[in-house]
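The structure appears right after this line, and notes come after that.
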Amino acid sequence: MLDIRRIRTEPEVVKAALARRGVGAAEVDHVVELDARQRALASERDDLRNRIKSLSKRVGALHKDGNADEAGAVQAESRALGEREHELAEEAGAIGASIRDLLLSIPNLPHPDAPDGAGDADNPVLRVVGFDPDGYEAHQRIPHWELGPTYGILDNERAVKISGAMFTMQRKGGATLARALVQYGLDRNADQYEEVRPPSLVSTETLTATGQLPKFADDAYSMAHDDLWAIPTAEVPLTSIHRDEIVDIAELPMKFMAASSCFRREAGSAGRDTRGMLRTHEFDKVEVFAYATPEQAPDLLQDMVARTEATIGALGLAYRTLEICTGDMGQSHHRSFDVEVYAPGTDQWLEVSSISWFADYQARRGNIRYRPGTGGTAMVHTLNGSALAVPRVWAALVETYHRADGGIDVPEVLLPYFRGQTRIA
RNA sequence: GGAGCGGUGGCAGAGCGGACGAAUGCACCGGUCUUGAAAACCGGCGACCGAAAGGUUCGAGGGUUCGAAUCCCUCCCGCUCCGCCA
C-alpha cells in the first residue's frame, strides 16, 4: 500500500513511477479525487461532533441546575445535529473504504535503480557462475522426470492419483533429498536468522498484509468453512509476526527464517513447465525474512542475494543472478533479484529464489511500525527471499549428479543429512 | 462444540451513563543532587486523521441516549471447567 499523503502531495511523481511498471494513472487520479471529498466530509463531520459535544455538556449542567425546560430544548437541537452527523459519517466512511480498496490494488513504486523493462525477457543477467554449456556429459542430459521413475525416487503418477494434477511425491533417496535440502537451507542461515515454525493456514488479514489479497485470491487455496488460506510462502506468516505492533528500533534488523510447505493453485499456468518437479501445487521452501530500517535495507538485500548464491554454489550447481525489471516485478516489490539454477537434463535455467525489498509497502498494509527517534512513528521496511526452494534444486541436483555408470551421488555438503549413504539412488 | 468469566495506554490495573483519553504503580525520557551511577525529589510520557481548529481511539461492528470505556445486540479473541482428539 502506498502512502496516501505521498499520493496527495506529489501525484505526478507517483504516476511517473507507476508508469515505469506499465501501470496507468486512472487509479491514482481517482484516489486523489476521493481523498479530497473524504477529507471535506470528515472535516464537516468533526465540526458537528464538536458542537454535539458542547451541547451535551450544557445539557448536563442545565439538569444539574434544575433547568429542565432549557435542557429539553438543547437536547432537541443536539438530536437534530446528530442525524446530520450520522449521514456525513456514513458517507465519509464509505468513501474511506473505497479509498482503501483502491490503495490495496495499486502496486508498489519501483526503486530508482531498478532496470526498466516490459517483461521477463528484459531482466538483466548480473552474473553467471559455474556454467559451462559444453561441460555436461550425455548421462547428465537426461531430465529428472525420466531419472526419477527409473530410480524409484519420484512417483508423480501416484501423487496424481492421490491429489490430482501438479502434485508430486518423492520416495526413498528422493524423499531424503527433499528433506535434506530443507535442513541444509536452514543450517546455511542459522548464524543470523531466528528459526520460526509458523502456521501454514492464515487469516484473510494476514494474506492481505503481504499483498496476495485482495487482488490475487485465485492463486491461493482457501478453506471452505473458515476464514483461512493455505500459505503460498512462509513470507506470509513471517511478515505478520509483528503486524499491528510498534517494534523497538534497537532490535532492527530482525531476521527470521522458516521452512514451510507452500501451496499454490497456479491458476492459469496449467500445462506450462509442469513436467516433473518444475511447477507443483505444493512444495517445500526455506524462506529468510527481515524487518529493517530504510537505511539497513539495501545492504540486507545484497546480503540475502549473496547468501542464496553461496547456498546454491556450495551444492555444486551452476547458477545465474538476474535483476527483475520494472515490467516483471510482483505487485509488492520495490527492488527484486532472482537466482536461477541450471538443470542440464531439462536444459533450462530454473528460478529457485526470488529476493525482494518491499520498502514500506507491506508494512503499511500490516501496520508495522518503529520509532525512528526523530519523533513519531514510521513504517518498517520488509525484505524476504527464498533461501532454498526444494523442487527445482532437487531436479537440478538429480540431473547434475547422475553418474555415467548409473546411480545418483549425494552432493558433498548434503552428506551429513543422508544417514551415512553416499547415493541418492 | 457446551458452560462460566474476561478483553482498558509499553506492561500491570482502577473506572462501570455526564468535564474520562481515562486514576495508580511499573517501565521509559528530561531535570535537580552526585566525581559518575543508584536512591530521592521535580517534570514529561499512547496511537491515528488533520496545515490548524478540532476529531477519532477503552477487542470489532451495530444499537439505545442530548451524552457511552460504562447499557443492549452480534461477532472475534483469551482464560477455567466439560466434551473430543495427535
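This is a predicted model, so every value here is computed, not measured. Residue numbers start from 1 in every chain, and the chains themselves are labelled A, B, ... in the order their sequence lines are given, proteins ahead of strands.
Applying salt bridge (Lys or Arg N to Asp or Glu O under 4.0 Å) to A/D155 and the options A/K172, A/R171, A/K161 leaves one that passes, A/R171.
Applying the Watson-Crick and G-U wobble criteria (two distances, each under 3.5 Å), B/rG36 pairs with nothing in any strand. Judged by Watson-Crick or G-U wobble contacts below 3.5 Å, the nucleotide B/rA19 has no partner. Under the Watson-Crick and G-U wobble criteria, each requiring two contacts below 3.5 Å, nucleotide B/rG46 is left unpaired. Across every strand in view, B/rC84 sits unpaired, with no contact that passes the Watson-Crick or G-U test at under 3.5 angstrom. Across all strands shown, B/rU64 forms no Watson-Crick or G-U wobble pair with both key distances under 3.5 Å. Pairing for B/rC5 goes to B/rG78, judged as Watson-Crick or G-U wobble with the two contacts each under 3.5 Å.
Minimum interatomic distance between A/G385 and A/M304 (heavy atoms only, all atoms of both residues): N-SD, 4.2 Å.
Within residues 38-50 of chain A, the residues having any heavy atom closer than 4.0 Å to RNA chain B are, in order of number, A/R39, A/D46, A/R49, A/N50.
Across the P atoms, B/rG25 and B/rA40 are found 12 Å apart, a figure rounded to whole Å. Rounded to whole Å, the separation between the C1' atoms of B/rC76 and B/rA60 comes to 7 Å. When the P atom is compared between B/rA14 and B/rU34, the two are found 41 Å apart, to the nearest whole Å. Nucleotides B/rC77 and B/rG59, compared at atom C1', are 7 Å apart to the nearest Å. Taking atom P in both B/rG15 and B/rC75, one finds a spacing of 28 Å when rounded to whole Å. Taking the P atom of each, B/rU57 and B/rA68 are spaced 9 Å apart, rounded to whole Å. B/rG46 and B/rC11: their C1' atoms are spaced 13 Å apart (whole Å). For B/rG31 and B/rG67, the P atoms lie 47 Å apart once the distance is rounded to whole Å.
The CZ-C1' distance, from A/R84 to B/rC66, rounds to 19 Å in whole Å. Taking atom CG of residue A/L103 and atom P of nucleotide B/rC49, one finds them 13 Å apart after rounding to whole Å. To the nearest angstrom, P of B/rA19 lies 17 Å from CG of A/L55. Across the protein-nucleic acid pair, A/R371 atom CZ and B/rA27 atom C1' stand 13 Å apart, rounded to whole Å. Distance CD1 (A/I4) to P (B/rC48): 16 Å, rounded to an integer number of Å. To the nearest angstrom, P of B/rG59 lies 15 Å from CG of A/D244. If you measure from atom CD of A/E205 to atom C1' of B/rG59, you get 12 Å, rounded to the nearest angstrom. Put simply, CD on A/E85 is 11 Å from P on B/rG63, counting in whole angstrom units.
Ion pairing of A/D219 with A/R264 is absent here, as no side-chain N (NZ or NE/NH1/NH2) approaches a carboxylate O to less than 4.0 Å.
With a glycosidic angle no further than 90° from 0, B/rU57 counts as syn.
For A/W357 and A/H111, the side-chain atoms include no donor-acceptor pair closer than 3.5 Å. Using modelled atom types and a 3.5 Å distance limit, the side chains of A/S203 and A/D227 yield no donor-acceptor pair.
When the shell of 6.0 Å around CD of A/Q192 is examined, it contains more than 12 heavy atoms from other residues, nucleotides or ligands.
Distances shown here put a side-chain N or O of A/K53 below 4.0 Å from the OP1 or OP2 atom of B/rU56.
The listed nucleotides are B/rG18, B/rG50, B/rA47; the one nearest the side chain of A/I246 is B/rA47.
A/F263 and A/H281 have their aromatic ring centers separated by at least 6.0 angstrom. For an aromatic pair to be called close, the ring centres must be under 6.0 Å apart, and A/H334 with A/F358 fails this. Checked against the 6.0 Å centroid criterion, the rings of A/H402 and A/Y151 qualify as a close aromatic pair.
Residue A/R369 is the one, among A/I52 and A/R369, whose nearest nucleotide of RNA chain B lies closer to the 5' end (criterion: closest heavy atom). Toward the 5' end of RNA chain B, the nearer of the two residues A/Q75 and A/H63, judged by each one's closest nucleotide, is A/H63.
Contacts of A/R51 with the nucleic acid, taken as non-hydrogen atoms under 4.0 Å apart, are absent. In this structure, A/S78 reaches the sugar-phosphate backbone alone: every heavy-atom distance under 4.0 Å involves primed, P, OP1 or OP2 atoms, never a base.
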